[in-house]
Amino acid sequence: MSWLTQQMARPARMPDYRISLQGEVITPRFRGRVESLRLTDRRGLEADQLDLVLTDDDGALALPPRGAELTLAIGWKGEALVERGVFIVDEVEHSGAPDKLSIRARSADMRGSLPGKRTQSWHQLTIDDIVTTIAKRHELTPKIGKHLGGIRVSHIDQTDESDLNFLTRLAERFDAVATVKAGNLLLIPAGAATTASGLEITPIQLRRQDGDQHRYVVTDRDSYTGVIAYWNDVSGAKRQEVIAGDDDNAKRLRPTYASSEDAIAAAQGEWQRLQRGHAEFTLSLAEGRPDLYPETPAWLLGWKREVEETPWLITEVIHDISDSAYTASLQFEIRNTDQQAPY
């Protein structure tokens, strides 16, 4: 039997999902009604988003109340489903004709008081101190990358700013990612493909035959040769500068930092981010992978040599499911590593 005949004879995989509303499994009510189910899983403190579009030709569907709790698991029939978290309904729309019910829900972890604005000065504290204080404030468990927790911040102000925005800004200063997952407040190095405890996430391999479409974009990595940051030298009563990289065509950061250590950390963080950002890759998978998450390292095999030899990191995953198909779209950036491609 030829390979083509074998592929034609193989039964098509069918997508599967499980949805619970307020703890009650309601999937049977949705069978044959799911026009689309989209889960967008992002890196950082941007809420994951669940979008459901259901057909309601017979008018039998009830409108879920805003604030209702949805639990989602996705995968393929005959295989164990992968739990993807809890989401809170915050937008409901009924339209027609034909009648449709659209539901938008966002990650329950991001629905607490984390966005609330406050004013506070943080002085001579470690990252561990800051993140732990904010985590306790929102009844979250702090999880901090082992190489980040001990870094001391001379001074940083939070002025009429939400903890959400403040943590994002703090993370960017040290080229890290802040996020809330499963009741944990995480701050981990960006692009390092490690857990908060410092354990390496096992890389995956994706081959060209896994995908439908791809897009590889590379920009001039030499557009900036370094990053300059300024700090306020109180003893000398003047502004000083530090540099990461080379000053031939350096990017200059706008803030003036409280110490040389803070300025150096900011310059190095931005320089690392610029170096990672000179290339990006997007891929549409013909068959979705429910086990893929942001921060997963990947090797891409079967494309141009430049793509194959680049160590990649998933930064966003979009799962698209209907009653007959399951595809996924992935976004990648370069990850921080000295590893060689696995071939």
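Model, not experiment: these values are computed from the prediction.
Salt bridge absent: Glu93 and Arg104 never bring a charged side-chain N and a carboxylate O closer than 4.0 Å.
Under the 3.5 Å distance criterion, the side-chain polar atoms of Gln22 are matched with a main-chain donor or acceptor of Glu69. Checking side-chain atoms of Trp76 against main-chain N and O of Pro290 turns up no donor-acceptor pair under 3.5 Å. In this structure, the side chain of Thr126 does not engage the main chain of Gly150 through any donor-acceptor pair within 3.5 Å. Proximity of a side-chain donor or acceptor of Asp320 to a complementary backbone N or O of Thr327 within less than 3.5 Å is not detected. Judged by distance alone, the side chain of Arg106 and the main-chain N or O of Ile88 form no donor-acceptor pair under 3.5 Å. A donor-acceptor distance shorter than 3.5 angstrom exists from the side chain of His123 to the backbone of Ser154, with no hydrogens or angles considered. Formation of a donor-acceptor pair under 3.5 Å by the Asp157 side chain with backbone atoms of Thr159 is not found in this model. A donor-acceptor pair is defined here as one N or O able to donate and one able to accept, closer than 3.5 Å; no such pair exists between the side chain of Glu261 and the backbone of Val153.
Taking all atoms of both residues into account, the shortest heavy-atom contact from Tyr326 to Pro15 is CB-CB, 3.7 Å. Residue Ala250 comes nearest to Ile243 through the heavy atom pair CB-CD1, 4.3 Å, listed as atom of the first residue, atom of the second, then distance. Considering every non-hydrogen atom in both Thr27 and Arg18, the closest pair reads OG1-CA, 3.3 Å. Smallest separation of non-hydrogen atoms from Ala328 and Gly288: CB-CA, 4.0 Å. When every heavy atom of Arg33 is checked against every heavy atom of Ala60, the shortest pair comes out as NH2-CB, 3.6 Å. Across Ala73 and Leu81, no two heavy atoms sit closer than the pair CB-CB, 3.9 Å.
By the 30° and 60° cut-offs, the orientation of the rings of Phe332 relative to Trp312 is perpendicular. Aromatic ring pairs are classed by plane angle as parallel below 30°, tilted from 30° to 60° and perpendicular above 60°; the pair Trp122 and Phe166 is parallel.
In Glu79, the CD atom is crowded: over 12 heavy atoms of neighbouring residues, nucleotides or ligands sit closer than 6.0 Å. With a 6.0 Å radius and a threshold of 12 heavy atoms from other residues, nucleotides or ligands, His147 has its NE2 atom at or below the threshold. A 6.0 Å sphere centred on CZ of Arg66 holds no more than 12 heavy atoms belonging to other residues, nucleotides or ligands.
Between Leu167 and Leu185, the closest side-chain pair of non-hydrogen atoms falls below 4.5 Å. With a 4.5 Å cut-off on side-chain heavy atoms, Glu333 and Glu280 do not count as touching. Here the side chains of Leu125 and Thr133 are not in contact, with every heavy-atom distance at 4.5 Å or above. Here the side chains of Arg289 and Asp210 are not in contact, with every heavy-atom distance at 4.5 Å or above. A 4.5 Å side-chain heavy-atom check between Gln49 and Arg38 finds every atom pair outside the cut-off. When side chains are defined from C-beta on, Ser102 does not count as touching Asp51, because their heavy atoms never get closer than 4.5 Å. Taking the side chain as every heavy atom from C-beta outward, Ile19 and Leu37 approach each other to under 4.5 Å. The side-chain heavy atoms of Asp175 and Pro189, taken from C-beta on, include no pair separated by under 4.5 Å.
Summarising the geometry, atom CG belonging to Leu253 is positioned 9.0 Å from atom OH belonging to Tyr230; distances are rounded to the nearest 0.5 Å. Distance CG/Leu101 to CG/Leu52: 8.5 Å, rounded to 0.5 Å. A distance of 4.5 Å separates CG in Leu292 from CD1 in Ile314, rounded to the nearest 0.5 Å. Atom CG of Leu300 is separated from atom CZ of Arg208 by 11.5 Å, given to the nearest 0.5 angstrom. Distance check: Lys77 NZ to Arg13 CZ gives 12.5 Å after rounding to the nearest 0.5 Å. Rounding to the nearest 0.5 Å gives a distance of 13.5 Å between CZ of Arg252 and CZ of Arg254.
The hydrophobic cluster containing Ile228 does not contain Trp231, counting ILVMFWY residues as joined when their side-chain heavy atoms lie under 4.5 angstrom apart, directly or transitively. At a threshold of 4.5 Å between side-chain heavy atoms, the hydrophobic network of Ile, Leu, Val, Met, Phe, Trp and Tyr places Leu50 and Val92 in one connected group. Both Ile26 and Leu61 are part of a single hydrophobic cluster, where members link through side-chain heavy atoms under 4.5 Å apart. In the hydrophobic clustering of this structure, Ile318 does not group with Phe87; members are Ile, Leu, Val, Met, Phe, Trp, Tyr whose side-chain heavy atoms approach within less than 4.5 Å, directly or through other members. Residues Leu285 and Trp303 share a single hydrophobic cluster, defined by chaining ILVMFWY side chains whose heavy atoms lie under 4.5 Å apart.
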(request) Report the C-alpha separation of Leu283 and Tyr216 in whole Å, then their side-chain angles, then the decisive distance to 0.1 Å, and conclude whether the side chain to side chain contact (heavy atoms under 4.5 Å, CB included) test is met. (result) CA-CA 9 Å; Leu283 176 65; Tyr216 172 62; over 6 Å; no
(request) With side chain to side chain contact (heavy atoms under 4.5 Å, CB included) as the test, would you mind laying out the steps for Leu54 and Asp56 before giving the verdict? (result) CA-CA 6 Å; Leu54 309 170; Asp56 190 30; over 6 Å; no
(message) For a salt bridge (Lys or Arg N to Asp or Glu O under 4.0 Å) check, start with the C-alpha distance between Asp48 and Arg84, then their side-chain angles and the critical distance, and finish with the verdict.
(response) CA-CA 10 Å; Asp48 299 339; Arg84 297 301 307 220; over 6 Å; no
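For Asp160 and Thr119, the side-chain atoms include no donor-acceptor pair closer than 3.5 Å. In this structure, a donor-acceptor pair under 3.5 Å is absent between the side chains of Asn165 and Gln158.
Shown are Thr315, Leu186, Leu313; of these, the side-chain contact (heavy atoms from CB on, under 4.5 Å) with Glu295 is made only by Leu313.
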